[in-house]
*Asks:* 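Structure in structure tokens, see below.
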Amino acid sequence: MKFLGKKYLITNDAGCVIYKAIKDLPIIDPHNHADVKEIAENNNYSNVWQLFAATDHYVWEVLRKRGVPEEYLTGDREPKEKWLKLASVFPELVGNPVYEWVHLDLRRYLGIETLIGPDTGVEIWKNANKVLSKKEKRPQQLLREIGVETMCSTDDPVDLLKEHDCANEAFGRKMIRPTWRPDKAMKIANSGWREYMDEVSRRFNMKLDSIHELVAALKLSHDYFAEHGCVASDHGVEMPLRGTEDPGDADVIFCKAMDRKSLSDEEVEIFMSYIFGQAAEMNAEKDWVFQIHMGAVRDVRDYLSEKLGPDTGGDVCNHFQDHFGPLKDFLNRFDDRLKVILYNLDPSHQAMLATMSRAFGYKVRLGSAWWLLDNPIGMRRQLEYIGSVDVLASFAGMVSDSRKLLSYGSRFEMFRRVLADVLGEMAERGQAPLELLIELASKMSYSGPKEFFNL
Amino acid sequence: MKFLGKKYLITNDAGCVIYKAIKDLPIIDPHNHADVKEIAENNNYSNVWQLFAATDHYVWEVLRKRGVPEEYLTGDREPKEKWLKLASVFPELVGNPVYEWVHLDLRRYLGIETLIGPDTGVEIWKNANKVLSKKEKRPQQLLREIGVETMCSTDDPVDLLKEHDCANEAFGRKMIRPTWRPDKAMKIANSGWREYMDEVSRRFNMKLDSIHELVAALKLSHDYFAEHGCVASDHGVEMPLRGTEDPGDADVIFCKAMDRKSLSDEEVEIFMSYIFGQAAEMNAEKDWVFQIHMGAVRDVRDYLSEKLGPDTGGDVCNHFQDHFGPLKDFLNRFDDRLKVILYNLDPSHQAMLATMSRAFGYKVRLGSAWWLLDNPIGMRRQLEYIGSVDVLASFAGMVSDSRKLLSYGSRFEMFRRVLADVLGEMAERGQAPLELLIELASKMSYSGPKEFFNL
Amino acid sequence: MKFLGKKYLITNDAGCVIYKAIKDLPIIDPHNHADVKEIAENNNYSNVWQLFAATDHYVWEVLRKRGVPEEYLTGDREPKEKWLKLASVFPELVGNPVYEWVHLDLRRYLGIETLIGPDTGVEIWKNANKVLSKKEKRPQQLLREIGVETMCSTDDPVDLLKEHDCANEAFGRKMIRPTWRPDKAMKIANSGWREYMDEVSRRFNMKLDSIHELVAALKLSHDYFAEHGCVASDHGVEMPLRGTEDPGDADVIFCKAMDRKSLSDEEVEIFMSYIFGQAAEMNAEKDWVFQIHMGAVRDVRDYLSEKLGPDTGGDVCNHFQDHFGPLKDFLNRFDDRLKVILYNLDPSHQAMLATMSRAFGYKVRLGSAWWLLDNPIGMRRQLEYIGSVDVLASFAGMVSDSRKLLSYGSRFEMFRRVLADVLGEMAERGQAPLELLIELASKMSYSGPKEFFNL
């Protein structure tokens, strides 16, 4: 029962055997929010706050929960002050995965075994920063140390992907692949959409007089991303869209929005649904994976969203959402010709999504437990249920979904340990032969996603 | 940790003691989709594909999920080719209960311990078929070997039940009982409904000029089933119906449909709700059990339903369904005078249904975890929650719900082992004396359902 | 594996260590339905039925479920007959927490180790009643024996709280605090509302000619409760209300209802929402805790509610409820200036509520698993999920929510054991250092709620 010790998260002997077989497999992380510029520039991290907390709203949220004022999180305080404030309440976070992740990062990659707390904050600040100043702890070196084989960042269609080229040149291979995420083009009701259209127009040197030209511009972007090694798109929508083939009034709606006229909810949905379907069509042609992140309700806390903007916290899930109808139409339209991953957030939606994945055969897969489920209990419950109704061998694989470089290590370690524990229990209960479970664990951790994403 | 060994699914000592006490109890399976003709004719199975997979869409779905083409499932390929294809991907199914069920069947009833896989497909085909050609492996002999005391098939009201008579004569007792399932009469919006009315008319030699004559014909059928040993009805409805007593416009709606006029959704519901209530009234009079299968959304994958028809896969559950209101009205109408079993599919509905069962007293009971929950995790979660809010002694009992004869063995073994494990844990945690848990296990496995179904 | 033995509910060594550290901490029970008059009068209990079952609809519901007729529960039978009937079916209740609670009460506070059953009913009746006739088993003495430091009853705004004063005088300190529950004032559509307004009017000697006077009267009550040691309000609403600041037509609606005119659903909601918000405003000013009990659907079984009235059973939860929207508006209005506890009932709502609690920072907390979740499985699942997304150190603490005095002991023992087991597992899995988990357990069991409620 050593904290983060050899048997961390593994409670049975078969699980230990399985974990041994998968722990050193290379990491494929098909979805994250990597700061590719940071990796391309490859400067040393300025301090441990920068590395562990400065870009991670998971950390901010749990610190807020223990009463840490905003100035110490996203505000003007010096990094050292912020770090010491974090340290002062850190022991109160036990039980939350943030407590485990940050200590894993500290141990596995900085070699520091000290527990973070009010008495150790200063010492860790000093020692960690010293380690971080070493050449071998720069971003590119850390990614090699973590064992990342491929990672896919999340990028906007207008992005030129120069930093990807630059980083990959340093690695000597296509290690960081872009992911095509056209949310800004699709979200016609968002305040910045009209200006974003101008960006698209400039980027592809096209006049956007009709929705067909917008689709054509997106297609140019899609091709451009393909040339830069992209193998997947990603879509964050609160509700899945039908992806209707028939444009209906989509062009009229587009032109209204270009003229800065306001749209009804129904018009917004018609437009979004059509673009969603067009994006899926492009993916189907190129055999890309279409990733759908379902169920996040973002920015519900007005105080945060008004003061700090998006991706700063205040996001929740909601059981009371009708995902089924739109998803059914979408999956039927693209049946057997589009690779789809469904990422689930609310545990009460899990059965519906797993049965949908089961029903639609080989090309539709469940992604890893996401965000508020990305923890030992959430992963375990998801794996248990997937195994029960769907087929574990068709699991789409772990993703870090992180904005923090070290997460590519700690989150995959957590996942692989939970996976080993769950499969180990199956062996212990006599539900499957251990040899097959070892093979399955390896497929789920590495070869399965590699094949599905064409890597 | 031997695969399917003595301690399969049982993780504690008390569980072993409990399982020993219930494992050989006779099997009562109050709901399945038995092919009674097959049992009555009692021919040897032609081969192992026929026995294990030819009628089981659970198997088809997981094979599709691993990319097996339709021709090897429901298509024209020879049974041997289909079997070998199954064997070639079977190791990839570990974790799914199909992997356990098929191996259980192979071991427990054909005596073959070999693991199914690409290298063993031919050998198992040969050996299993040899066993299947023996006299003692014909359907009636297998049912005796499995230990089935009573099983209830699912039958249409126009059925003459001749095959039931014939099979029971061979058994020398009322072993296979019919279950009255009037779904086809109730589903007025289905394409074949009008033709089905002609069948009903012919069967009971009645003109169906009003809904009252339809109800009268159904009553004749209900009586006929009672004479043939029926003790329960079964109802598969996506949404439970209120079972309204007042017919309202039900007769007008019936006449419109008989004239092949189209109906509004509201009209469909009025008709169905009325027939549902009439069926319940008939059950109440005869003290039959009224079984409601709730929450399946069927045939969502157009490709399958258009090409292969119903019951071929493509069925899911959906969290976003309002079961509560209609069920409340229904249970209040028949409070304390109708025996009802609620079968739940989506885990997110489980609490609502368990609390409804608790609220409505002795005659309302929760049925076993169904379909996509009919696996070790689904059963365990259901038993844990039922025990927590309802009373386990009032559990309605395990049913196989299967179209495959051997399931009457393997699914009951799985259930009894999970039950023993869950109750064993209660003993180990000091929540109840072991002796009482042994009694409870026995009641839940055998005497409880026997008494509730009047068997 | 001794029934209710030393290791009851604790399955790991770390859990034993943790439990030892918290088992004797004083009890703070911030929400229950104590019969304060009973405590103030401090008479001996007349018999064991009176103590264990006469006021507890949890017991009635599970006895009904096993077929016990109403006359033996709420009817005219003698207490002894009722007790013997209970004893005759009690062994059938194993698995349900009622089986554990009642035996815990019997063992821990009456010193009787006999299992309740048909053969022991008479003996226990005799022995238990003998113990109950002792001076040291009167209500006040029992509360001291249980170790209650503070308990908060649930009271109506018109209550004079004389019995609180009287009981506290006997204890020599503010042990029993009132909780302000204005449900009757808010539920304008209830049959007794108009008469209740007359009560309010008399109590505060005010004419209620407008909603402003009602709010003023409630404010007088709120102040009065504060003077009597109240630190929290409690609100039982099927759906959370927005707590809208703008009264809109609330006054017109109030006046209509005062004139006994009927209201539309929309009008009811406007009124309730406004009063809800006003109550929250009063709490914010005094730094009281605002407790919301969410999701109970009450009195669904007409037979019970018509014959016996409310709080007699027939209550359920329903997954299909839209809590999210109203709660979001409410929490935003009072962001960071109102202490809120969210009590959840339906497990499928748990993720939404836990993420809302996480999102809204320090002052919003999740309360303990409630009613149909107040059992070992429900508590465990809740603690696991809270730990995963929210912060356990911010847990609002256990409450008994009981109408039965001994529950202040047995329910807290069950909770503390489950908590120790869950945290112990974290230690065993290497997820946190044991010392920190011991501190956390102590905070969650005692010092956390004490601080949050200003006790």
Side-chain angles (χ1 to χ4, degrees), chain A residues 12-14 319-325 327-328 331-333 335-336 346-365 381 383-395 422-437 439-440 443, chain B residues 1-11 61-68 89-100 103 115 117 295-297 299-304 313-321 345-349 371-381 417 421:
Chain A
N12 60 82
D13 293 342
H319 66 283
F320 198 75
Q321 289 185 317
D322 178 16
H323 291 279
F324 168 73
L327 187 60
K328 172 183 185 285
L331 294 177
N332 271 312
R333 174 175 172 193
D335 193 356
D336 218 26
D346 191 298
S348 72
H349 304 166
Q350 190 167 282
M352 187 273 287
L353 288 174
T355 58
M356 288 294 261
S357 165
R358 168 194 167 107
F360 279 89
Y362 189 71
K363 291 199 171 172
V364 177
R365 303 196 167 193
R381 298 269 176 273
L383 291 169
E384 287 174 345
Y385 192 79
I386 296 178
S388 298
V389 301
D390 202 351
V391 176
L392 286 171
S394 290
F395 179 65
V422 169
L423 298 186
E425 280 181 5
M426 283 188 188
E428 304 275 353
R429 286 193 301 251
Q431 295 183 266
L434 181 56
E435 320 81 71
L436 290 183
L437 290 167
E439 270 177 47
L440 176 62
K443 179 177 284 187
Chain B
M1 59 184 274
K2 206 181 143 248
F3 176 50
L4 304 181
K6 217 170 159 180
K7 298 183 82 170
Y8 168 51
L9 292 175
I10 303 180
T11 60
E61 282 286 81
V62 289
L63 293 177
R64 278 176 196 131
K65 195 72 206 176
R66 291 311 299 157
V68 174
V89 301
F90 214 73
E92 296 178 10
L93 305 184
V94 282
N96 187 288
V98 163
Y99 189 82
E100 294 161 53
H103 278 109
L115 289 181
V297 188
D299 305 319
V300 303
R301 191 178 186 186
D302 297 343
Y303 168 80
L304 290 176
D315 308 305
V316 305
C317 58
N318 181 8
H319 65 284
F320 198 76
Q321 290 185 316
L345 193 59
D346 192 298
S348 72
H349 304 165
W371 202 342
L372 306 161
L373 287 181
D374 178 17
N375 55 60
I377 296 294
M379 289 172 183
R380 159 175 283 277
R381 298 269 176 273
R417 286 179 177 276
D421 194 45

*Asks:* Side chain, backbone, both or neither: which part of B:Leu63 has a non-hydrogen atom closer than 4.5 Å to chain A?
*Replies:* neither
*Asks:* Heavy-atom distances under 4.5 Å only: say whether A:Lys363 touches chain B with side chain, backbone, both or neither.
*Replies:* neither
*Asks:* Can you tell me which portion of B:Lys2 sits under 4.5 Å from chain A's heavy atoms? Options are side chain, backbone, both or neither.
*Replies:* backbone
*Asks:* Given that the side chain runs from C-beta out, which part of B:Tyr99 has a heavy atom under 4.5 Å from chain A: side chain, backbone, both or neither?
*Replies:* side chain
*Asks:* Which bit of B:Glu92 is near chain A, if near means a heavy-atom gap under 4.5 Å: side chain, backbone, both or neither?
*Replies:* both
*Asks:* With a 4.5 angstrom heavy-atom cut-off, could you sort out which part of A:Leu423 is near chain B: side chain, backbone, both or neither?
*Replies:* neither
*Asks:* Which pair of heavy atoms, one from B:Val94 and one from A:Ala432, lies closest together, and at what distance?
*Replies:* CG1-CB, 3.9 Å
*Asks:* Based on non-hydrogen pairs under 4.5 Å, which of A:Leu436, A:Ile386, A:Val422 is most in contact with chain B?
*Replies:* A:Leu436
*Asks:* Go through A:Asp13, A:Leu331, A:Val391 and name the one with the most non-hydrogen pairs under 4.5 angstrom from chain B.
*Replies:* A:Val391
*Asks:* Less than 4.5 Å apart, side chain to side chain, heavy atoms only: is that true for A:Gln431 and B:Tyr8?
*Replies:* yes
*Asks:* For B:Val300 and A:Met356, which heavy atoms make the closest approach, and how far apart are they?
*Replies:* CG2-SD, 4.4 Å
*Asks:* Examine whether an atom of A:Asp322 lies under 4.5 Å from a heavy atom of chain B, and if so say whether it belongs to the side chain, the backbone or both; otherwise answer neither.
*Replies:* both
*Asks:* Which atoms form the tightest heavy-atom contact between B:Gly95 and A:Met426, and what is the distance?
*Replies:* CA-SD, 3.7 Å
*Asks:* Check whether any side-chain heavy atom of A:Phe324 lies under 4.5 Å from a side-chain heavy atom of B:Val297, and answer yes or no.
*Replies:* yes
*Asks:* Measure across A:Ser388 and B:Asn96 and return the closest heavy-atom pair with its distance rounded to 0.1 Å.
*Replies:* O-ND2, 3.9 Å
*Asks:* Out of curiosity, A:Tyr362 OH to B:Lys65 NZ, how far, rounded to the nearest 0.5 Å?
*Replies:* 10.0 Å
*Asks:* Are the side chains of A:Tyr385 and B:Leu373 in touch, meaning some heavy atoms are under 4.5 Å apart?
*Replies:* yes
*Asks:* For B:Asp302 versus A:Asn332, what's the shortest heavy-atom pair and its separation?
*Replies:* N-OD1, 2.9 Å
*Asks:* State, to 0.1 Å, how close B:Phe320 and A:Phe320 come at their nearest heavy-atom pair, and which atoms those are.
*Replies:* CE1-C, 3.7 Å
*Asks:* Report the option among A:Ser394, A:Gly387, A:Gly430 that has the most heavy-atom pairs separated by less than 4.5 Å from atoms of chain B.
*Replies:* A:Gly430
*Asks:* Just list the side-chain donor-acceptor pairs under 3.5 Å for residues 347-355 of chain A, sequence neighbours left out, or say none.
*Replies:*
unit_1: A:Ser348; atom_1: OG; unit_2: A:Asp346; atom_2: OD1; d: 2.7
unit_1: A:His349; atom_1: NE2; unit_2: A:Asn318; atom_2: O; d: 3.3
unit_1: A:His349; atom_1: NE2; unit_2: A:His319; atom_2: O; d: 3.1
unit_1: A:Gln350; atom_1: NE2; unit_2: A:Arg381; atom_2: O; d: 3.4
unit_1: A:Thr355; atom_1: OG1; unit_2: A:Ala351; atom_2: O; d: 3.1
unit_1: A:Thr355; atom_1: OG1; unit_2: A:Met352; atom_2: O; d: 2.8
unit_1: A:Thr355; atom_1: OG1; unit_2: B:Cys317; atom_2: N; d: 3.3

*Asks:* Could you give all pairs that pass the salt bridge (charged side-chain N to carboxylate O under 4.0 Å, His left out) test and reach residues 423-436 of chain A, with sequence neighbours left out?
*Replies:* A:Arg380-A:Glu425, A:Glu425-A:Arg429
*Asks:* Hey, which of A:Arg358, A:Arg365, A:Lys443 has the most heavy atom pairs under 4.5 Å with chain B?
*Replies:* A:Arg358
*Asks:* Among A:Ala393, A:Gly325, A:Ala427, which residue forms the greatest number of heavy-atom pairs with chain B at distances under 4.5 Å?
*Replies:* A:Ala393
*Asks:* Using a cut-off of under 4.5 Å on heavy-atom pairs, state which of B:Gly314, B:Pro376, B:Gly67 scores highest against chain A.
*Replies:* B:Gly67
